[in-house]
Chemist: 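Here's a structure for you.
None of these values were measured; they are calculated from a predicted model.
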Amino acid sequence: MQFTLSRTPYDSPVARALCDEVQAEYVQRYGSGDMTELADADFAPPNGDFLVAYDEAGEPAGCGGWRSHGEDAEMKRVFVRASARRQGLAKRIVAAVEASAAEAGRKRVILETGPRQPEAVAMYKLLGYTPVPGFGYYSEEDGSIHLGKELGSDLPH
């Protein structure tokens, strides 16, 4: 299946619907949604970006974005709908988020995930993410996994 990625305002109805699905997934896995405070403006260029992936029929299939966290880009809301999983879309979304952050002058992407998302943890490690000191809302949470990746010459130009 082919997917198209499109920059989309975080407060758009399609982004909201996908983020609601992300939160529902967190509730299913952890018992509650992500409590990190996010503002629509966090994902507005040049200090952030939000991308939506569409399938061949034009249906939203996934999303992901970044926001400024000091000099870093903090990746948030990487999600792929169940119907589009196992097709490499999450990796494409992560690569697009990394490229957007690099274009905005960020040198590193950081993220927070958890042990009940083993497929996400495995993907991030495969993509070169390594442990970083805890940050943000879950910095002291037992089991919280904080990862980061230096952005460099492996990104497409």
Chemist: Where the side chain of Tyr138 meets the backbone of Met35, is there a donor-acceptor pair that is under 3.5 Å apart?
Modeler: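 Flag set: sc Tyr138 to bb Met35 pair under 3.5 Å.
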Chemist: Would Leu51 and Ile93 count as a side chain to side chain contact (heavy atoms under 4.5 Å, CB included) here? Give the steps.
Modeler: CA-CA 8 Å; Leu51 304 162; Ile93 291 170; 5.6 Å; no
Chemist: Do the side chains of Val14 and Leu38 join up, straight or via other hydrophobic residues, at under 4.5 Å, putting them in one cluster?
Modeler: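 In one cluster with Val14: Leu38, yes.
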Chemist: Only one of Lys149, Arg92, Arg108 passes salt bridge (Lys or Arg N to Asp or Glu O under 4.0 Å) with Glu98; say which it is.
Modeler: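 Only match with Glu98 under salt bridge (Lys or Arg N to Asp or Glu O under 4.0 Å): Lys149.
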Chemist: With rounding to the nearest 0.5 Å, note down the distance linking CE in Met123 to NZ in Lys91.
Modeler: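 With rounding to 0.5 Å, CE (Met123) is 8.0 Å from NZ (Lys91).
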Chemist: Is there a side chain to side chain contact (heavy atoms under 4.5 Å, CB included) between Val80 and Phe3? Walk through the geometry before answering.
Modeler: CA-CA 11 Å; Val80 174; Phe3 297 99; over 6 Å; no
Chemist: For Val52 and Pro60, work out which heavy atoms get closest and say how close.
Modeler: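 Closest approach of Val52 to Pro60, heavy atoms only: CG1-CB, 4.2 Å.
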Chemist: Determine whether Glu112 and Phe135 make a side-chain contact, defined as any pair of heavy atoms from C-beta on separated by less than 4.5 Å.
Modeler: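 Yes, side chains in contact.
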Chemist: Give a yes or no on this: more than 12 heavy atoms of other residues, nucleotides or ligands lie within 6.0 Å of atom CD of Glu71.
Modeler: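 No, the 6.0 Å shell around CD holds no more than 12 heavy atoms from other groups.
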Chemist: Does either side chain, that of Arg106 or that of Ser68, offer a donor lying less than 3.5 Å from an acceptor on the other one?
Modeler: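 Arg106 vs Ser68: donor-acceptor pair found between side chains.
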Chemist: Can you see which heavy atom on Ala102 is nearest to which on Leu151, and at what distance?
Modeler: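 Nearest pair, atom of Ala102 first, then Leu151: N-CD1, 3.8 Å.
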Chemist: Flag the pair Val78 / Tyr124 as yes when at least one side-chain heavy-atom distance between them is below 4.5 Å, and no otherwise.
Modeler: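 Touching, per the 4.5 Å side-chain cut-off.
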Chemist: Are more than 12 heavy atoms from other residues, nucleotides or ligands located less than 6.0 Å from atom CD of Glu56?
Modeler: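 Counting other residues, nucleotides and ligands, CD of Glu56 exceeds 12 neighbours.
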Chemist: Flag the pair Glu25 and Arg85 as a salt bridge only when some basic side-chain nitrogen lies within less than 4.0 angstrom of an acidic carboxylate oxygen.
Modeler: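 Arg85 and Glu25: salt-bridged.
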Chemist: Indicate, with yes or no, if Phe79 and Leu5 share a hydrophobic cluster defined by side-chain heavy-atom contacts under 4.5 Å among Ile, Leu, Val, Met, Phe, Trp and Tyr.
Modeler: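 Different hydrophobic clusters.
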Chemist: Using the side chain to side chain donor-acceptor pair (under 3.5 Å) rule, pick out the option among Thr36, Asp49, Asp42 that qualifies with Arg67.
Modeler: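 For Arg67, the side chain to side chain donor-acceptor pair (under 3.5 Å) test succeeds with only one of Thr36, Asp49, Asp42, which is Asp42.
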Chemist: Quick one: closest heavy-atom pair of Ile145 and Pro115, and the distance?
Modeler: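 Smallest interatomic distance, heavy atoms only, reads CD1-N, 3.9 Å.
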Chemist: Answer yes when Lys76 and Asp34 have at least one side-chain N-carboxylate O distance shorter than 4.0 Å, and no when they do not.
Modeler: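 Looking at Asp34 together with Lys76, the answer is yes, because their closest N to O distance falls below 4.0 Å.
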Chemist: Can you tell which of Thr113, Val121, Leu111 makes a side chain to side chain contact (heavy atoms under 4.5 Å, CB included) with Tyr129?
Modeler: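 So the option named by the test is Leu111.
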Chemist: Considering all heavy atoms of both residues, which atom of Leu89 and which atom of Ala61 are nearest to each other, and what is their separation?
Modeler: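 Heavy-atom minimum between the residues: CD2-CB, 3.9 Å.
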Chemist: As an exercise, state the distance from CG of Leu147 to CD1 of Ile110, rounded to the nearest 0.5 Å.
Modeler: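 It comes to 10.5 Å.
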Chemist: So among Arg77, Arg16, Arg81, which one has a salt bridge (Lys or Arg N to Asp or Glu O under 4.0 Å) with Glu21?
Modeler: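 Result for salt bridge (Lys or Arg N to Asp or Glu O under 4.0 Å) with Glu21: Arg81.
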Chemist: Set out, in order, the CA-CA distance, both residues' side-chain angles and the distance that settles side chain to side chain contact (heavy atoms under 4.5 Å, CB included) for Arg7 and Ser100, then state yes or no.
Modeler: CA-CA 10 Å; Arg7 179 175 279 154; Ser100 171; 4.1 Å; yes
Chemist: State whether the side chain of Tyr30 and the backbone N or O of Arg116 hold a donor-acceptor pair below 3.5 Å, judged by distance alone.
Modeler: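 Here the side-chain-to-backbone pair exists.
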Chemist: How far does NE2 of His69 sit from CE of Met75, to the nearest 0.5 angstrom?
Modeler: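 With rounding to 0.5 Å, NE2 (His69) is 14.0 Å from CE (Met75).
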Chemist: Closest approach of Phe50 and Cys19, non-hydrogen atoms and distance?
Modeler: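 Closest heavy-atom pair between Phe50 and Cys19: CZ-SG, 3.8 Å.
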Chemist: Do you know the tightest heavy-atom contact between Trp66 and Ala73?
Modeler: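 Nearest pair, atom of Trp66 first, then Ala73: CE3-CB, 3.5 Å.
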